[in-house]
Amino acid sequence: MKFRATAVGSAVSVVVISCALLGMSGCKGGVRGLRARFHPRKAKSPPNTTDFAGNVERLVAAPTLTGLRWENYAEDRAAVVKFYDDRDDELAWTRDGRPTGAAMALLQLFQDAAKKGLNPEDYDADDAGVGRWTGRLKRLDTIARTKDDSEAAQDAVARFDVAVTISAMRYVEDLHVGRINPQSLNFDIDTPEKRAAFDVPALLNDQVVDAVDVPSVIESIEPQSPIYKAAEQSLATYRVLAMEQSAAPLPALPALPSGTKPVGVGGWYAAVPQLWARLQFEGDAPATVVGDGTAKATVSYDAGVAAAVKRYQTRHGLQPDGRLGQATIDSLNVPMSVRVQQLDDALERWRWLPDNYVQPRVLVNLPEFMLRAYEPDHTLAFKMEVVDGQAKGNHATPMFVRLMRYVVFRPYWNLPPSIIKKEIVPHVMRKGLGYLAANDYQVYKADGTVVTNFTVHDLEHLRYNVRQMPGDKNALGLVKFLFPNEYDVYMHSTPELMLFGLTRRDKSHGCIRLQHADQMALWVLHGDQSDPDAENGWDADKVDVAMNGDLNNRTVNLKTPLPVVVGYFTAMPDEDGTTHFFDDLYGYDKDLEAALAKGRPYERAEMKVNPTLVPGETE
């Protein structure tokens, strides 16, 4: 039993001194009874021995534990102390000198951490099942068999217990909140708040210690999202593919000769048999059934090959035309281990999301250039293509979460100084002042007074403001959707509908342009009504009038704000049951992997986001 330097500790000390005078045989129960009176045990798991309490207290007094792969556990020390304090420093993971079933279940989870997109070494394990736990378990077995009660043996038992506790805390926190604070990557998602609300000591004490089904308990603290679960299942598939590819590597598909056009049906490609085998490997081409009498070698680029290539292209963000170009060949040559890493990164990002955003009403996936809208019951309402911020310059759209609160019809676009100088002035210098009127731009003073007599020099030196009038030419289109954020990023319609014919659509200054903004407006506003069927409610006709009528800058406040996730998932389970992969458009995967490669302690402290997008300069 441990004693604290408090009034309670002083009282207990009196009892200890008295017991010492009387002999220790009758002391233990009295001390425990007095201790329980002043400091009742909080843990709900069955009591365990306190014979190692002094060893445990001595170990958790330091912010490091020697023997761990990552010895510094200062970030979790307060939680570790609370865990043992709530159980009166009893052991948690052994009984009668043997590891409990819950402890062994945790060790298995640590070993299998890669199945969750985590690193087993973070929990003192490895894929091979050796790790640091093998030696610790052997030591425990030896102590139990020989009935070793030496101080060194007691320390080893306590050290095993504390090591399991630290590793378990790291594991459940990593699964629930993620390892990296996204704020350290300049993404405005408040994982420190989510982490602070997660009572890990209570979870372990009340639900994991002595649990019969530890994996089920652990699964309950993971993101409860169908997409997350599907990504986890896909990870299992691609880990197998990666192992098969590693065990029997095949040569890369050869590049097309310089200047060669993409290969279509009837065209020539020397490695069609290898191409077909590669397409079969991921399931984009039907598998060959040996012995069914119909199998034949695929040697020409026929319609079947083109169809399989098209399926592959659809899943990898490529132009789905069934023609074999160099971009498709390069993608096919990406190792499966890279696809595993992409899924690992996706799972990490899902864990960052606050609980009320895990199943958002609106999900934008930036590298996919896609928006998904979900009904209140989480069924998919629709998907639509989007345009993201340009990868070049400081226009990359960040990952963040916010509530959509307003819809604005027929908005003005107030041009920021940088766009006036960098884009408007050069146009005016080439085409004359008439360029402004031709594109519905209006020059005005700070008080709103319209200016008609001005020069290019005035614009270049920012003597006046410029705005684009509402209408068909307005860069923001006819409606925008606001979810106030640090980056001044919002969704809006666009007159540049030709951009949606592109496969890669990073063409904005940071905002998200919608392919069918009218559909979005109807869905948002119709669903925000208390009575969707009310005669005076929002319907398609009213949305059309609001977008094409005469009332400008009309703001509609949402009664029920919608959770919006602007996400970055280069691996995404699709509604068609397959997993889609996309290029690391902004290098965010690379940044995440670099942060994780540094090892523990990972960056977890709260920090202020420093947007690279300049407020007012997004569009």
Side-chain angles (χ1 to χ4, degrees), residues 43-49 52 56 59-60 65 67-71 73 75-77 79-84 86-87 89-141 143-144 156-179 195 198-222 232 236 347 351 600 602:
K44 296 178 182 179
S45 55
N48 203 333
T49 180
F52 302 84
V56 168
L59 290 171
V60 302
L65 184 69
L68 291 179
R69 168 65 180 87
W70 302 106
E71 295 184 351
Y73 73 101
E75 59 191 8
D76 288 316
R77 180 177 170 270
V80 173
V81 170
K82 185 177 187 301
F83 171 80
Y84 283 108
D86 287 351
R87 55 188 302 107
D89 286 336
E90 300 167 354
L91 294 182
W93 310 109
T94 62
R95 287 188 181 276
D96 300 322
R98 303 288 185 181
T100 64
M104 295 305 294
L106 281 172
L107 300 191
Q108 186 63 54
L109 289 174
F110 301 161
Q111 180 182 327
D112 295 338
K115 295 178 181 179
K116 300 284 188 180
L118 301 174
N119 184 355
E121 288 191 4
D122 276 350
Y123 322 103
D124 278 21
D126 60 29
D127 281 331
V130 182
R132 297 166 186 252
W133 296 109
T134 301
R136 293 169 186 155
L137 291 170
K138 287 181 179 178
R139 178 78 170 113
L140 280 186
D141 182 64
I143 292 170
V157 172
R159 190 174 292 274
F160 172 84
D161 208 87
V162 175
V164 175
T165 300
I166 293 171
S167 297
M169 285 191 174
R170 288 171 167 174
Y171 184 75
V172 299
E173 286 180 331
D174 292 350
L175 275 181
H176 184 67
V177 192
R179 293 161 286 179
R195 190 180 301 277
F198 186 38
D199 193 343
V200 182
L203 173 76
L204 294 181
N205 263 325
D206 301 344
Q207 298 185 52
V208 179
V209 172
D210 293 317
V212 175
D213 188 357
V214 172
S216 292
V217 176
I218 300 302
E219 185 178 348
S220 71
I221 58 96
E222 294 184 74
E232 203 170 61
L347 291 170
R351 295 171 188 133
R600 291 188 184 274
Y602 298 122

Engineer: Between Glu232 and Lys115, is the closest basic N to carboxylate O distance under 4.0 Å?
Structural biologist: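 Salt bridge between Lys115 and Glu232, a charged N being under 4.0 Å from a carboxylate O: no.
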Engineer: Is there a side-chain contact between Phe110 and Asp122, using heavy atoms and a 4.5 Å cut-off?
Structural biologist: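 Heavy-atom side-chain distance check fails, nothing below 4.5 Å.
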Engineer: Should Arg77 and Val60 be marked as a side-chain contact (heavy atoms from CB on, under 4.5 Å) after you check the CA-CA gap, both sets of side-chain angles, and the distance that decides it?
Structural biologist: CA-CA 7 Å; Arg77 180 177 170 270; Val60 302; 5.5 Å; no
Engineer: Considering residues at least two apart in sequence or located in another chain, which fulfil the side-chain contact (heavy atoms from CB on, under 4.5 Å) criterion with Ala113?
Structural biologist: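 Listed in chain order: Leu118, Pro120, Tyr123, Tyr171.
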Engineer: Heavy atoms only: give me the nearest Ile166-Leu65 pair and the separation to one decimal.
Structural biologist: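 It is CD1-CD2, 3.9 Å.
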Engineer: State which residues pass salt bridge (Lys or Arg N to Asp or Glu O under 4.0 Å) with Glu75; sequence neighbours excluded, sorted by chain then number.
Structural biologist: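 Testing Glu75 for salt bridge (Lys or Arg N to Asp or Glu O under 4.0 Å), a comparison that skips the adjacent residues, returns Arg600, Arg604.
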Engineer: List the residues meeting side chain to side chain donor-acceptor pair (under 3.5 Å) with Trp93, not counting sequence neighbours, and say none if there are none.
Structural biologist: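 Trp93: side chain to side chain donor-acceptor pair (under 3.5 Å) contacts with Thr165.
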Engineer: Is there a side-chain contact (heavy atoms from CB on, under 4.5 Å) between Arg351 and Val177? Walk through the geometry before answering.
Structural biologist: CA-CA 5 Å; Arg351 295 171 188 133; Val177 192; over 6 Å; no
Engineer: Checking the side chain of Thr94 only, and the main-chain atoms of Gly97 only, is there a donor and an acceptor separated by less than 3.5 Å?
Structural biologist: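 The answer is no, because no donor-acceptor pair under 3.5 Å joins these two groups.
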Engineer: So do the side chains of Leu175 and Glu222 get within less than 4.5 Å of each other, counting heavy atoms only?
Structural biologist: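 Yes, at least one pair of side-chain atoms sits under 4.5 Å.
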Engineer: Under a plain distance cut-off of 3.5 Å, with no hydrogens placed, do Tyr84 and Asp161 share a side-chain donor-acceptor pair?
Structural biologist: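 Tyr84 and Asp161 do have a side-chain donor-acceptor pair below 3.5 Å.
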Engineer: Starting at OG of Ser167, measure out to CG of Leu68 and round the result to the nearest 0.5 Å.
Structural biologist: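 The OG atom of Ser167 sits 6.0 Å away from the CG atom of Leu68.
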Engineer: Hey, can you pull the donor-acceptor pairs under 3.5 Å for the side chains in residues 204-211, sequence neighbours left out?
Structural biologist:
| residue | atom | partner | partner atom | Å |
| --- | --- | --- | --- | --- |
| Asn205 | OD1 | Arg87 | NH1 | 2.7 |
| Asn205 | ND2 | Phe83 | O | 3.0 |
| Asp206 | OD1 | Lys44 | N | 2.9 |
| Asp210 | OD1 | Arg95 | NE | 3.3 |
| Asp210 | OD2 | Arg95 | NH2 | 2.9 |

Engineer: How would you list, by chain and number, every residue that makes a side-chain contact (heavy atoms from CB on, under 4.5 Å) with Arg132, sequence neighbours excluded?
Structural biologist: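 Arg132 satisfies side-chain contact (heavy atoms from CB on, under 4.5 Å) with Arg69, Asp124, Arg136 only.
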Engineer: Under the side chain to side chain donor-acceptor pair (under 3.5 Å) test, which residues partner Asp213, sequence neighbours left out?
Structural biologist: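 Ser216.
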Engineer: Looking at Glu173, is its backbone amide N or carbonyl O close enough to the side chain of Arg195 to form a donor-acceptor pair, meaning the two atoms are under 3.5 Å apart?
Structural biologist: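 The answer is no, because no donor-acceptor pair under 3.5 Å joins these two groups.
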Engineer: Is Arg98 salt-bridged to Asp141, cutoff N-O under 4.0 Å?
Structural biologist: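 A salt bridge is present here (some side-chain N lies under 4.0 Å from a carboxylate O).
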Engineer: Residues in side chain to side chain donor-acceptor pair (under 3.5 Å) with Gln108, at least two apart?
Structural biologist: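 Result, side chain to side chain donor-acceptor pair (under 3.5 Å) vs Gln108: Asp112.
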Engineer: Can you tell me how far CD of Glu121 sits from CG of Asp126, rounded to the nearest 0.5 angstrom?
Structural biologist: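 Rounded to the nearest 0.5 Å, the CG-CD separation comes to 7.0 Å.
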Engineer: Do you know the tightest heavy-atom contact between Ala168 and Leu106?
Structural biologist: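 Reported closest heavy-atom pair: CB-CD1, 4.0 Å.
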Engineer: Measuring from Phe52:CZ to Phe160:CZ, what's the distance to the nearest 0.5 Å?
Structural biologist: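 Taking CZ in Phe52 and CZ in Phe160, the distance rounds to 12.5 Å.
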Engineer: Residues in salt bridge (Lys or Arg N to Asp or Glu O under 4.0 Å) with Arg170, at least two apart?
Structural biologist: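 Result, salt bridge (Lys or Arg N to Asp or Glu O under 4.0 Å) vs Arg170: none returned.
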Engineer: side-chain contact (heavy atoms from CB on, under 4.5 Å) with Thr134: which residues, sequence neighbours excluded?
Structural biologist: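 Checked Thr134 against side-chain contact (heavy atoms from CB on, under 4.5 Å); matches are Val130, Lys138.
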Engineer: Could you check whether any side-chain heavy atom of Pro99 comes within less than 4.5 Å of a side-chain heavy atom of Leu137, counting everything from C-beta outward?
Structural biologist: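 When only atoms from C-beta onward are counted, Leu137 and Pro99 do touch, with a gap below 4.5 Å.
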Engineer: With sequence neighbours left out, what residues match Glu71 under salt bridge (Lys or Arg N to Asp or Glu O under 4.0 Å)?
Structural biologist: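 For Glu71, no residue satisfies salt bridge (Lys or Arg N to Asp or Glu O under 4.0 Å) once neighbours in sequence are set aside.
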Engineer: Does any non-hydrogen side-chain atom of Ile221 lie less than 4.5 Å from one of Leu203?
Structural biologist: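 Heavy-atom side-chain distance check passes, below 4.5 Å.
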Engineer: List in chain and number order the residues that pass salt bridge (Lys or Arg N to Asp or Glu O under 4.0 Å) with Lys82, two or more places apart in sequence or in another chain; answer none if no residue qualifies.
Structural biologist: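 Salt bridge (Lys or Arg N to Asp or Glu O under 4.0 Å) list for Lys82, sorted by chain: Asp86.
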